[in-house]
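To find a chain, count down the sequence lines: A is the first, B the second, and so on, and within it residues start at 1. Computed from heavy atoms alone, side chains included, the values below leave out hydrogens, waters and symmetry copies.
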Amino acid sequence: MSTDSSLYQRRRPALESELATIPWLAVLDPAQRERATLQILVTQAMPGDIICRTGRQATYWFGVVDGLLKMSSDNAEGQTMTYTGLPPGGWFGEGTVLKRESYRYNIQALRRSIVAGLPVDTFHWLLGQSIGFNRFVMNQLNERLGQFIAVREIDRMNSPDARVARSLAALFNPALFPGVGEVLRITQQELAYLVGLSRQRVNLSLNTLQARSLIRVEYGGLRVLDLTALRSSVFLSHRETHA
DNA sequence: TCATTAAATTGTT
DNA sequence: AACAATTTAATGA
């Protein structure tokens, strides 16, 4: 065992099983897909590892093959604001990569994760080559815009149940995170970090949502039963209940 | 494959 | 924050 393996980001080509989790590869021509496949690099991130930092020049378009990441940014007061979690199948940073700017947020691993990266130049090459790829990126930008608007609404909500419900709905978004499917692998502690509540409160909310048949709580994960209801469900805060 | 043990996660106060 | 209960993962016969 090497003594300093943790200090190095071991990057390697993607395995077939990992390539299979990348949604946009399917829209490419065989030739385009082969070139992209050769350029994709994969790395393993340990909990707390930072994938990209605010201000750093964007060099890769990143995607989550497995695990769970957190997207956050630091405001002027130096406080950290968490935007969203990034479960498997999610690709992010296209806006930044598109303009060849520097990253506008930090991406940090919440748990052991496998992260794939497509070099910026290859990203632009695909934009010039494939209509399907353009369509994918455009849809991605649009979906994410909707998600950011939802995040602002979530922040205004005072009901913890509603916050948990909406945050979960975002993570179950099949367009942005096709790798999630029916079951989201996330611990209640991780969800608490993302939503900004205590684990105890998240535990209560999850059981409330389960009682309403919106989700099912499982060990180490959550199963979605009614995504539409999760998205639109309105909850009264404790204060409003007794008003 | 099965039993044992450690570790992780959940439920509760 | 602490604790007990439950579930999973790892180990070795």
Can you sort out the partners of A:Arg111 under salt bridge (charged side-chain N to carboxylate O under 4.0 Å, His left out), two or more places apart, ordered by chain and number? A:Glu190
Taking ring-ring contact (aromatic ring centres under 6.0 Å, His included) as the cut-off, I'd like each qualifying pair that reaches into [range], sequence neighbours left out, listed once.
| range | result |
| --- | --- |
| residues 29-56 of chain A | none |
| residues 190-222 of chain A | none |
| residues 67-87 of chain A | A:Tyr83-A:Phe148 |

Using C1' atoms of five pairs at each end, report the bend of the helix from B:dT1-C:dA13 to B:dT13-C:dA1 rounded to 10 degrees. 10°
Under 4.5 Å side-chain heavy-atom separation, chaining through any Ile, Leu, Val, Met, Phe, Trp or Tyr, what else clusters with A:Met157? Say none if it is isolated. A:Ile154
Do A:Asp66 side-chain atoms and A:Ser113 backbone N/O form a donor-acceptor pair below 3.5 Å? no
Please list each protein N or O that sits under 3.5 Å from an N or O in nucleotides 4-10 of chain C, with the distance.
from	atom 1	to	atom 2	distance (Å)
C:dT7	O2	A:Tyr219	OH	3.2

May I have the list of side-chain donor-acceptor pairs in residues 122-140 of chain A shorter than 3.5 Å, sequence neighbours left out?
from	atom 1	to	atom 2	distance (Å)
A:His124	ND1	A:Arg100	NH2	3.4
A:His124	ND1	A:Val120	O	3.2
A:His124	NE2	A:Leu98	O	3.1
A:Ser130	OG	A:Gly132	N	3.3
A:Ser130	OG	A:Phe133	N	2.9
A:Asn134	ND2	A:Leu127	O	2.7
A:Asn134	ND2	A:Ser130	O	2.7
A:Gln140	NE2	A:Trp91	O	2.5

Taking 5' to 3' order, which nucleotide of DNA chain B is first and which is last to have an atom within less than 4.0 Å of a heavy atom in chain A? B:dA8 to B:dT13
Show me, pair by pair, the donor-acceptor contacts under 3.5 angstrom made by side chains of residues 165-175 of chain A, not counting sequence neighbours?
from	atom 1	to	atom 2	distance (Å)
A:Arg166	NE	A:Arg231	O	2.8
A:Ser167	OG	A:Arg163	O	2.8
A:Asn173	OD1	A:Ala175	N	2.8
A:Asn173	OD1	A:Leu176	N	3.2
A:Asn173	ND2	A:Glu143	OE1	3.3

Apply side-chain contact (heavy atoms from CB on, under 4.5 Å) to A:Val183 and list each qualifying residue two or more places apart in sequence or on a separate chain. A:Glu218, A:Arg223
Residue pairs passing the salt bridge (Lys or Arg N to Asp or Glu O under 4.0 Å) test where at least one lies in residues 85-98 of chain A, sequence neighbours excluded: A:Glu94-A:Arg144
